[in-house]
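Reckoned from all heavy atoms, side chains included, excluding hydrogens, waters and symmetry mates. Whatever order the structure lists them in is the order used to number ligands and atoms, beginning at 1.
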Amino acid sequence: LPLPERLANYVVEGTKEGLLPDLEEALEEYPTPLAIINGPLMAGMAEVGRLFNDNQLIVAEVLQSAEVMKAAVAFLEPYMEKNQETSSKGKVLLATVKGDVHDIGKNLVEIILSNNGFEVIDLGIKVSPAELIQEVRRVQPDIIGLSGLLVKSAQQMVLTAQDLREAGISIPILVGGAALSRKFTLNKIAPEYEGLVLYAKDAMDGLSLANRLQN
Ligand code: B1M
């Protein structure tokens, strides 16, 4: 099989056998490590999502695919371009919202923001509004980053925005994840919040929005 298909297949099959040598080859073939993730690896993940939706994969198998994706990202991370700025561009408090365990996208955002001058404090997954509010008060971030992939997570972001507003917080919120859209962000989340709410379609979009906020 050609390299892109082999790379996608590791994710679909949930196997790491041969993955690292192929990733090394991909580093030669693709312009950037991120292009490997956004291209063949994400294509594999999309196929996993499709098969899972079709009842052709079970959760345990999807979990194995996630492990492969995580291993690939961990391998590629040291090769990603790092911005050598010494002073921090600002603090980002990052979390996957309450009720949601998906963290591959969030972790990618973490890597890209911290490689580009942001100090990222990652609260992990299933973060309740109460925990988020407590950490906002403790950490005093410049930006709150929320990730969520489930349809119910989009609704959870609305509730989170309401709770943050009630707590008197109005720093910019960056939201992202498969179940979200710019329209939902604008029509459903933003009206519930005092401060800015911005939708990022992917991790690089998240970086450019964060950069704009801090300039
Ligand atoms: Co789940 N899952 N899953 N899953 N899973 C989806 C999301 C689903 C669409 C699959 C499907 O049915 N086709 C579906 C949601 C359906 C819905 O809500 N309508 C689904 C479901 C149903 C579930 C469970 C309910 C299954 C079950 O138990 N019956 C369960 C939920 C558990 C829970 O959260 N409470 C569940 C569990 C899991 C696993 C644990 C097995 C595993 C996650 C492992 C992990 O993350 N550690 C998993 C996976 C892997 C997926 C799919 C296949 C892939 C997700 C992924 O990692 N993509 C997914 C289907 C799909 O998306 N195609 C699916 C790669 C990742 C890099 O992309 O996270 O979208 P993504 O991030 C992108 C952008 O969205 C954006 O940037 C990234 C790209 O650069 N982005 C941000 C994300 N966050 C951002 C934040 C930002 C900025 C950009 O700023 C702050």
Undergrad: Can a protein heavy atom be found under 4.0 Å away from atom 27 (C) of ligand 1?
TA: yes
Undergrad: Is it true that A179 lies under 4.0 Å from ligand 1, counting heavy atoms only?
TA: no
Undergrad: Just need the protein heavy atom nearest to atom 68 (O) of ligand 1, so name the residue and atom and give the distance.
TA: M42 CE, 3.7 Å
Undergrad: Tell me the protein heavy atom at minimum distance from atom 40 (C) of ligand 1, and give that distance in Å.
TA: L63 CD1, 3.6 Å
Undergrad: Please give me the minimum heavy-atom distance between L27 and P33, naming the atom from each residue.
TA: CD2-CG, 4.1 Å
Undergrad: Charged N to carboxylate O below 4.0 Å: is that the case for E13 and R6?
TA: no
Undergrad: Suppose I only count heavy atoms of A178 and a 4.0 Å limit; which atoms of ligand 1 are within that range?
TA: 75 (O)
Undergrad: How many angstroms lie between CD1 in I144 and CD1 in I121, if you round to the nearest 0.5 Å?
TA: 11.0 Å
Undergrad: Identify the protein heavy atom lying closest to atom 72 (O) of ligand 1, giving its residue, its atom name and the separation to 0.1 Å.
TA: G105 CA, 3.3 Å
Undergrad: Can you measure from CD1 (I125) to CG (N107) and round to the nearest 0.5 angstrom?
TA: 9.5 Å
Undergrad: So N116 and K89, side-chain hydrogen bond (donor to acceptor under 3.5 Å, both in side chains) or not? Walk me through it.
TA: CA-CA 8 Å; N116 286 280; K89 282 193 203 158; 5.4 Å; no
Undergrad: What's the shortest distance from atom 12 (O) of ligand 1 to any protein heavy atom, and which residue and atom give it?
TA: N53 OD1, 3.6 Å
Undergrad: Is it the case that more than 12 heavy atoms not belonging to M80 sit under 6.0 Å from its CE atom?
TA: yes
Undergrad: Taking both backbone and side-chain atoms of K152, is any N or O found less than 3.5 Å from an N or O belonging to ligand 1?
TA: no
Undergrad: For V151, which part has a heavy atom under 4.0 Å from ligand 1: side chain, backbone, both, or neither?
TA: both
Undergrad: Within a 6.0 Å radius of atom CD on E194, are there more than 12 heavy atoms belonging to other residues, nucleotides or ligands?
TA: no
Undergrad: Looking at ligand 1, does G206 have a heavy atom less than 4.0 Å from it?
TA: no
Undergrad: Answer yes if a protein heavy atom lies under 4.0 Å from atom 16 (C) of ligand 1, otherwise answer no.
TA: no
Undergrad: Does the distance from a Lys or Arg side-chain N to an Asp or Glu carboxylate O, for E67 and K70, drop under 4.0 Å?
TA: no
Undergrad: Report yes or no: does a heavy atom of K70 sit under 4.0 Å from some atom of ligand 1?
TA: yes
Undergrad: For ligand 1, which atoms have a heavy atom of D100 less than 4.0 angstrom away?
TA: 34 (O)
Undergrad: Is the closest basic N to carboxylate O distance between K126 and D100 below 4.0 Å?
TA: no
Undergrad: Sort by chain and number the protein N/O/S atoms that are closer than 2.8 Å to atom 1 (Co) of ligand 1, and list them.
TA: H102 NE2
Undergrad: Can you tell me which portion of A203 lies within the under-4.0 Å heavy-atom range of ligand 1? Options are side chain, backbone, both, or neither.
TA: both
Undergrad: Under 4.0 angstrom from ligand 1, any heavy atom of M204?
TA: no
Undergrad: Starting from atom 47 (N) of ligand 1, which protein heavy atom do you reach first, and at what distance in Å?
TA: D103 OD1, 2.7 Å
Undergrad: Strictly under 4.0 Å, does any heavy atom of G99 approach an atom of ligand 1?
TA: yes
Undergrad: Could you check if a side-chain atom of T32 sits within less than 4.5 angstrom of a side-chain atom of Y79, using non-hydrogen atoms only?
TA: no
Undergrad: With sequence neighbours left out, what residues match E17 under side chain to side chain donor-acceptor pair (under 3.5 Å)?
TA: none
Undergrad: Among protein heavy atoms, which sits nearest to atom 84 (N) of ligand 1, and what does the distance come to when rounded to 0.1 Å?
TA: S147 OG, 2.7 Å
Undergrad: Number the atoms of ligand 1 from 1 as they appear, then name those within less than 4.0 Å of a heavy atom of G145, with their elements.
TA: 91 (C)
Undergrad: Would you say T96's side chain and V101's backbone share a donor-acceptor pair under 3.5 angstrom?
TA: no
Undergrad: Working to the nearest 0.5 Å, report the span between CD of E47 and CG of L57.
TA: 8.5 Å
Undergrad: Got a protein heavy atom sitting under 4.0 Å from atom 55 (C) of ligand 1?
TA: yes
Undergrad: Quick one: name the residues clustered hydrophobically with L1, using the 4.5 Å side-chain heavy-atom rule over I, L, V, M, F, W, Y, and just say none if it's on its own.
TA: none
Undergrad: Quick one: look up the protein heavy atom nearest atom 63 (N) of ligand 1 and list residue, atom name and how far away it is.
TA: M45 O, 3.7 Å
Undergrad: Does at least one non-hydrogen atom of K126 fall below 4.0 angstrom from an atom of ligand 1?
TA: no
Undergrad: Quick check on contacts: which atoms of ligand 1 are under 4.0 angstrom from a heavy atom of D202?
TA: 76 (C), 77 (O), 79 (C), 80 (O), 89 (C)
Undergrad: Roughly how far, to the nearest 0.5 Å, is the NZ atom of K82 from the CD1 atom of I112?
TA: 11.5 Å
Undergrad: Can you check atom 8 (C) of ligand 1: any protein non-hydrogen atom closer than 4.0 Å?
TA: no
Undergrad: Strictly less than 4.0 Å: does any protein heavy-atom distance to atom 89 (C) of ligand 1 fall in that range?
TA: yes
Undergrad: Which residue and non-hydrogen atom of the protein lie closest to atom 74 (C) of ligand 1, and at what distance in Å?
TA: K201 O, 3.7 Å
Undergrad: Check each heavy atom of I37 against ligand 1 and say whether those closer than 4.0 Å belong to the side chain, the backbone, both or neither.
TA: neither
Undergrad: Taking only residues at least two apart or on different chains, which pairs with a member in residues 166-193 satisfy side-chain hydrogen bond (donor to acceptor under 3.5 Å, both in side chains)?
TA: Q162-E192
Undergrad: Might you point out which heavy atoms bring K106 and D122 nearest each other, and give the distance in Å?
TA: NZ-OD2, 2.8 Å
Undergrad: Has the side chain of T160 got a donor or acceptor atom that lies under 3.5 Å from a matching backbone atom of P129?
TA: no
Undergrad: Please could you name the atoms of ligand 1 that V109 approaches to less than 4.0 Å, counting only its heavy atoms?
TA: 82 (C), 85 (C), 86 (C), 87 (C), 88 (C), 89 (C)
Undergrad: Just how far is it from atom CG of L19 to atom CD of E24, taken to the nearest 0.5 Å?
TA: 10.5 Å
Undergrad: Is it true that D142 and K91 have a side-chain N and a carboxylate O under 4.0 angstrom from each other?
TA: no
